[in-house]
Every structure is written in C-alpha cells, then in structure tokens.
Amino acid sequence: MKYTAAVITMSDKGSKGLREDTAGDAVAAILEKNGWTLEYRTLIPDEYSQIKEELVRCADDLAVQLVVTTGGTGFSLRDVTPEATLAVGDREVRGIPEAMRAESMRITPMGMLSRAAAVLRKRTLIINLPGSRKAASECLEAVIGPVKHGVDVLMGDAGDCAEMHLHGKEQEK
C-alpha cells in the first residue's frame with residue numbers, strides 16, 4: 001500500500017519569513033524515511049480558521065492518509081492547533097498524544113505541558129506535534145510504527161492488532 005502524508009507547520013514568525021521551518025523539514029524527512037510519500041506541505045500562521053481549512057483540505061480534498069502538524073501545541077494564547085484539530089475530527093485518538101507525552105517526559109518534565117491532539121477525519125489520521133525540531137522529531141519517532149499500522153486498519157488493510165503483536169508481525173510491516 002502507498003502511504004500518503006501532509007505536513008502543516010503553524011508559526012506566525014515562520015509564515016512571515018522570520019523563522020526557518022526546521023521542525024517541518026525534520027518531520028518530512030522522518031516520514032519519507034519510514035515509507036511515506038509527502039503529498040503536501042505548507043507553513044501557515046497560528047490562525048484557528050486557517051488551521052481548520054488546511055486540515056480539511058488535506059483530509060477531504062487531497063485525501064492523504066496522515067496529516068502531521070507542527071507548532072501551536074503550547075500554552076501561548078496563539079497556540080490553537082489542538083482546538084482546530086479537535087474541531088475537524090470525527091473521532092479522537094487519545095493514545096497517540098499520550099505516547100508522545102510519555103516519551104517526552106523521559107527526556108524532560110516539560111513534556112507534560114504538550115496539549116497535542118490526534119483525531120480521525122474520515123480516512124485521515126491527524127496528529128499534532130510540538131513546534132521545535134527536536135521535540136517534533138522525538139514525538140514522531142515514538143509513534144511512527146504503530147501509526148502506520150493504524151492507517152492500515154483505517155484503510156481496511158490490516159488484521160487484528162493483538163494477534164499481530166503476539167506473532168511479532170508488527171515488525172515485518
């Protein structure tokens with residue numbers, strides 16, 4: 001199966017050309033290294049309505065299987081990525097951000113401050129990552145294997161998770 005993805009970076013400074021999108025670069029590289037084809041990439045300001053528009057475009061119009069966002073998951077008043085993500089989702093996927101926070105907590109206690117969310121919108125999985133290159137990379141690396149299996153299930157292309165784990169087949173994908 002071909003795995004398709006989009007990367008959306010939220011950054012007020014980046015959208016004005018005042019900051020390089022190193023987190024988006026790192027996320028795109030990790031996705032490609034893990035067999036994902038990057039179909040779309042953009043950098044937008046931390047604007048709730050614009051974030052929602054881009055998420056809907058990726059899921060509904062481009063029909064990518066995975067949308068990964070970077071930025072907008074902190075405590076700043078401008079950090080609205082999780083709210084926009086939850087607004088466009090049909091179903092929440094709580095385990096992905098929980099796993100990312102757990103991995104981050106192994107590195108720094110500040111990991112508990114992430115407000116990242118993950119949702120399903122139709123046949124698209126949307127995952128929020130932090131805005132820093134290091135944190136975005138660590139979080140994506142922590143979940144990329146199970147995410148691929150989740151997309152297989154979402155697309156109707158996989159069997160039972162427990163059975164795969166018992167037989168070690170998740171390593172063969």
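Atoms considered below: every heavy atom in the structure, side chains included; atoms not considered: hydrogens, waters and symmetry mates. All residue numbers in this chain count up from 1 along the given sequence.
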Q: Nearest 0.5 Å, please: how far is CE in M112 from OG in S104?
A: 11.0 Å

Q: Which atom names give the shortest non-hydrogen contact between M1 and V151, and what distance separates them?
A: CE-CG1, 4.2 Å

Q: Can you measure from CZ (R19) to CG (D21) and round to the nearest 0.5 angstrom?
A: 10.0 Å

Q: Taking side-chain hydrogen bond (donor to acceptor under 3.5 Å, both in side chains) as the test, write out the residues that go with T124, two or more places apart.
A: none

Q: Does any non-hydrogen side-chain atom of L113 lie less than 4.5 Å from one of F75?
A: yes

Q: Taking NZ, NE, NH1 and NH2 as the nitrogens, is one of them in D25 or R41 under 4.0 Å from a carboxylate oxygen of the other?
A: yes

Q: One thing to verify: whether R115 and D79 come together as a salt bridge, which I'm taking to mean a side-chain N less than 4.0 angstrom from a carboxylate O.
A: no

Q: Taking atom types as modelled, is there a side-chain donor on T9 or T70 under 3.5 Å from an acceptor on the other?
A: yes

Q: Assigning hydrophobic clusters by single linkage (Ile, Leu, Val, Met, Phe, Trp, Tyr; side-chain heavy-atom cutoff under 4.5 Å), is L154 placed with V68?
A: yes

Q: State plainly whether the residues R106 and E138 are in salt-bridge range, i.e. N to O under 4.0 Å.
A: no

Q: So if you build clusters from Ile, Leu, Val, Met, Phe, Trp, Tyr with side-chain heavy-atom gaps below 4.5 Å, do V88 and L125 land together?
A: no

Q: Within the 4.5 Å heavy-atom criterion, are T69 and L55 side-chain neighbours or not?
A: yes

Q: How long is the span from the OG atom in S15 to the CG atom in D46, to the nearest 0.5 Å?
A: 7.5 Å

Q: Calculate, to the nearest 0.5 Å, the distance between atoms CD1 and OG1 belonging to I8 and T85 respectively.
A: 8.5 Å

Q: Please find the pair of heavy atoms, one from P45 and one from M10, that lie closest to each other, and give the distance.
A: O-CG, 4.2 Å

Q: Group every Ile, Leu, Val, Met, Phe, Trp and Tyr by side-chain heavy-atom contacts under 4.5 Å, then state whether I126 and Y48 land in the same group.
A: yes

Q: Between V67 and I44, is there shared hydrophobic-cluster membership here, with clusters defined by ILVMFWY side-chain heavy atoms closer than 4.5 Å?
A: yes

Q: To check you understand the geometry: which heavy-atom pair defines the closest contact between L129 and A136, and what is its length?
A: CD1-O, 3.9 Å

Q: Counting only pairs under 3.5 Å, give me each side-chain donor-acceptor contact of residues 93-101, with atom names and distances, residues two or more places apart or in other chains.
A:
| from | atom 1 | to | atom 2 | distance (Å) |
| --- | --- | --- | --- | --- |
| R94 | NH2 | E92 | OE1 | 3.3 |
| R101 | NH1 | S114 | O | 3.2 |
| R101 | NH1 | A116 | O | 3.2 |

Q: How long is the gap from CG on D61 to SG on C58, to the nearest 0.5 Å?
A: 9.0 Å

Q: What's the separation between atom CG in L86 and atom CG in N128, rounded to the nearest 0.5 Å?
A: 7.5 Å

Q: Let me check something: do V119 and L62 share a hydrophobic cluster, defined by ILVMFWY side-chain heavy atoms less than 4.5 Å apart, either directly or through other members?
A: yes

Q: Counting only heavy atoms not in M110 (residues, nucleotides, ligands), do more than 12 fall under 6.0 Å from its CE?
A: no

Q: Sub-3.5 Å donor-acceptor pair from the side chain of Q65 to the main-chain atoms of K2, do we have one?
A: yes

Q: Is it true that R121 and D60 make a salt bridge, defined as a side-chain N closer than 4.0 Å to a carboxylate O?
A: yes

Q: Enumerate, atom names and distances included, each donor-acceptor pair closer than 3.5 Å involving a side-chain atom of residues 26-38, sequence neighbours excluded.
A:
| from | atom 1 | to | atom 2 | distance (Å) |
| --- | --- | --- | --- | --- |
| K33 | NZ | E141 | OE2 | 3.0 |
| N34 | ND2 | I30 | O | 2.8 |

